[in-house]
**Student:** 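I have a structure I would like to understand better, so I am pasting it below and will then ask my questions one at a time.
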Amino acid sequence: MTHVLVLNGPNLGRLGVREPEVYGSASLPDLVAAAQGWGTELGLDVDVRQTDDESEIVGWLHEAVDTRSHVVINPAAFTHYSYALRDAAAQVGTAGLLLVEVHLSNPAAREAFRQHSVVGPVATGTVAGFGFRSYRYALAAIADALAEGHQA
Ligand code: DQA
């Protein structure tokens with residue numbers, strides 16, 4: 001089964017507690033369960049991780065390249081300023097793997113600093129604004145690309 005790393009950046013471990021009016025009342029374990037269920041439906045082996053540590057998420061992107069895994073990533077605040085994460089994400093794309101950037105909220109509709117993503121230009125595509133369903137649509141995009149013959 002195709003392996004997909006679902007990577008989550010800083011403060012996403014606080015889902016359910018952190019600004020529920022923006023990010024919803026469900027928790028990270030709820031997101032893990034939902035993503036694993038969607039993966040099963042879509043024929044993907046989904047591995048969901050979260051870290052507040054930039055070096056750890058960069059290392060996971062290196063792992064994606066080395067293990068030939070596609071990636072769904074919510075870089076959280078790293079989206080807006082982490083060139084280290086962007087450079088690691090770029091390596092996923094140049095390895096011929098899919099990388100979908102996701103956001104729970106729609107950063108384009110929020111504060112000015114959220115309206116720029118340094119990751120977007122090196123992503124295959126971006127899904128934002130649908131809460132947990134952003135992850136579902138990102139996984140479905142990967143499943144569709146594979147069904148259409150994308151070679152990992
Ligand atoms: C977020 C949006 C980011 O601007 C923010 O820093 C996050 C979450 C989202 O999923 O909507 O932590 O990536």
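What you are looking at is a predicted structure, and each value in this text was computed from that prediction instead of being measured. Counting starts at 1 for both ligands and their atoms, following the listed order.
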**Student:** Any donor-acceptor pair under 3.5 Å linking the side-chain atoms of Tyr23 with those of Asn11?
**Tutor:**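 Result is no, nothing qualifies.
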
**Student:** Going from CZ on Phe130 to OH on Tyr137, what distance comes out if it is rounded to the nearest 0.5 angstrom?
**Tutor:**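 The OH atom of Tyr137 is 6.0 Å from CZ of Phe130, to the nearest 0.5 Å.
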
**Student:** Hey, is Arg14 touching ligand 1 through its side chain, its backbone, both or neither, going by heavy atoms under 4.0 Å?
**Tutor:**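 Neither; no heavy atom under 4.0 Å.
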
**Student:** Any N or O of Ala77 that comes nearer than 3.5 Å to an N or O of ligand 1?
**Tutor:**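 Indeed, backbone or side chain, Ala77 has an N or O that close.
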
**Student:** Begin with the C-alpha distance, continue with both residues' side-chain angles, and end with the deciding distance and a verdict on side-chain contact (heavy atoms from CB on, under 4.5 Å) for Asn74 and His103.
**Tutor:** CA-CA 6 Å; Asn74 185 343; His103 299 283; 3.6 Å; yes

**Student:** Minimum distance, heavy atoms only, to atom 7 (C) of ligand 1: which one of Tyr135, Phe113, Tyr23, Phe78 is it?
**Tutor:**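 Selected option, by shortest heavy-atom distance: Tyr23.
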
**Student:** Can an N or O of Thr79 be found at a distance shorter than 3.5 Å from an N or O of ligand 1?
**Tutor:**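 No - when backbone and side-chain N and O of Thr79 are compared with those of ligand 1, no distance drops under 3.5 Å.
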
**Student:** Which protein heavy atom lies closest to atom 5 (C) of ligand 1, and at what distance to 0.1 Å?
**Tutor:**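 I find the closest protein heavy atom is Arg114 NH1, 3.2 Å.
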
**Student:** Flag yes if more than 12 heavy atoms outside Arg110 fall under 6.0 Å of its CZ atom; otherwise flag no.
**Tutor:**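 Atom CZ in Arg110 is packed in, count exceeds 12.
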
**Student:** Please say yes or no: joined through hydrophobic side-chain contacts below 4.5 Å, possibly via intermediate residues, are Phe113 and Leu85 part of one cluster?
**Tutor:**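 Different clusters: Phe113 never reaches Leu85 through Ile, Leu, Val, Met, Phe, Trp or Tyr contacts under 4.5 Å.
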
**Student:** Flag Arg110 as yes when one of its N or O atoms lies below 3.5 Å from any N or O atom of ligand 1, and as no otherwise.
**Tutor:**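 N/O-N/O distance below 3.5 Å does not exist for this pair.
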
**Student:** Which is it for Val127 and Tyr135 under the side-chain contact (heavy atoms from CB on, under 4.5 Å) test, yes or no, and what are the steps along the way?
**Tutor:** CA-CA 8 Å; Val127 183; Tyr135 292 74; over 6 Å; no

**Student:** Side chain, backbone, both or neither: which part of Leu104 comes within less than 4.0 Å of ligand 1 when only heavy atoms are counted?
**Tutor:**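 Both the backbone and the side chain of Leu104 come within reach of ligand 1.
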
**Student:** Heavy-atom contact under 4.0 Å between Asn11 and ligand 1?
**Tutor:**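 So Asn11 does not count as touching ligand 1.
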
**Student:** Which atoms from ligand 1 have a heavy atom of His80 less than 4.0 Å away?
**Tutor:**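 With His80 as reference, the close atoms of ligand 1 come out as 3 (C), 4 (O).
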
**Student:** Ligand 1 versus His103, non-hydrogen atoms closer than 4.0 Å: side chain, backbone, both, neither?
**Tutor:**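 The answer is both.
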
**Student:** Among protein heavy atoms, which sits nearest to atom 11 (O) of ligand 1, and what does the distance come to when rounded to 0.1 Å?
**Tutor:**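 Ranking protein heavy atoms by distance from atom 11 (O) of ligand 1, first comes Ser105 OG, 2.5 Å.
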
**Student:** If Ile, Leu, Val, Met, Phe, Trp and Tyr residues are connected whenever their side-chain heavy atoms lie under 4.5 Å apart, and connections chain through other members, are Ile73 and Val122 in the same group?
**Tutor:**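 No; Val122 is not reachable from Ile73 via cluster members.
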
**Student:** Between Val102 and Ala138, what is the shortest heavy-atom contact and its length?
**Tutor:**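 Closest pair (atom of Val102, atom of Ala138, distance): CG1-CB, 3.4 Å.
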
